[in-house]
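Reading through the structure tokens given below for one structure.
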Amino acid sequence: AQFQALEWLTYDDPASLNLGNATDREISERYVLAAIYFSTKGAEWTHDNKFLSEESICNWNQGNDGEGALCNQERSVNLIGICKSATLYA
């Protein structure tokens, strides 16, 4: 899953982030969420929560229902809720 996430971030991420247009934190959090997506078979999730989309990772969720990546006021991920009962805290 980690290699898949790195490969996705490098070659397939529609946001095309790099050190010239994103912070280390943004790139790192995007990588971590992609690794979680691949390691939990995200393609099989009931709701994809916009994971791996071009959107900001703070939008990779279904709103305020606790599913997906949720960010704090600093726009850093502080809760990850994955459908089918798995919830991980960052």
Side-chain angles (χ1 to χ4, degrees):
Q2 293 169 337
F3 180 75
Q4 283 178 292
L6 182 59
E7 197 168 50
W8 172 81
L9 189 64
T10 304
Y11 302 111
D12 301 323
D13 183 356
S16 300
L17 298 182
N18 60 55
L19 294 176
N21 66 4
T23 66
D24 290 348
R25 182 188 51 79
E26 289 172 305
I27 294 170
S28 298
E29 287 186 347
R30 204 163 176 91
Y31 166 76
V32 168
L33 289 174
I36 290 170
Y37 176 87
F38 289 116
S39 67
T40 59
K41 300 181 182 176
E44 298 175 14
W45 292 351
T46 304
H47 305 286
D48 69 9
N49 296 313
K50 303 177 199 164
F51 270 58
L52 308 188
S53 72
E54 185 174 0
E55 294 192 39
S56 160
I57 55 171
C58 292
N59 294 330
W60 288 8
N61 58 63
Q62 295 294 320
N64 292 327
D65 68 357
E67 191 172 301
L70 302 174
C71 293
N72 58 23
Q73 292 178 340
E74 290 82 32
R75 309 269 311 148
S76 183
V77 175
N78 66 342
L79 175 72
I80 303 167
I82 300 175
C83 61
K84 296 193 178 180
S85 77
T87 301
L88 307 173
Y89 293 90

What distance separates D13 CG from S53 OG, expressed to the nearest 0.5 Å? 8.5 Å

Donor-acceptor pair, side chain of W60 and main chain of K50, under 3.5 angstrom: yes

S39 meets the side chain to side chain contact (heavy atoms under 4.5 Å, CB included) criterion, sequence neighbours left out, with A1

How long is the gap from CG on L70 to CD on Q62, to the nearest 0.5 Å? 10.5 Å

E29 vs C71 side-chain heavy atoms within contact, under 4.5 Å: no

So, for L6 and Y31, which heavy atoms are closest and what is the spacing to 0.1 Å? N-CE1, 3.6 Å

Is it true that, when you exclude Q4 itself, more than 12 heavy atoms of the residues, nucleotides or ligands shown sit nearer than 6.0 Å to its CD? yes

Could you give the distance from CG (L17) to CD (E54), rounded to the nearest 0.5 Å? 9.0 Å

As an exercise, state the distance from CG of N49 to CD1 of I57, rounded to the nearest 0.5 Å. 13.5 Å

Write down the atom of N21, the atom of S16, and the distance for their closest heavy-atom approach. ND2-O, 3.4 Å

Straight-line distance of C58 SG to N78 CG, nearest 0.5 Å: 8.5 Å

Which heavy atom of E74 sits nearest to which heavy atom of R25, and what is that distance? O-NH2, 4.0 Å

How far apart are the closest heavy atoms of R30 and E55, and which atoms are they? NH1-O, 3.0 Å

Could you state the interatomic distance from CD1 (I80) to CG (N61), rounded to the nearest 0.5 Å? 11.5 Å

Looking only at heavy atoms, the pair that brings A5 and A35 closest together is CB-N, 3.4 Å

So that I know where these two stand, are F51 and W45 an aromatic pair - ring centroids less than 6.0 Å apart? yes

Is there a side-chain contact between L52 and F38 (heavy atoms, below 4.5 Å)? yes

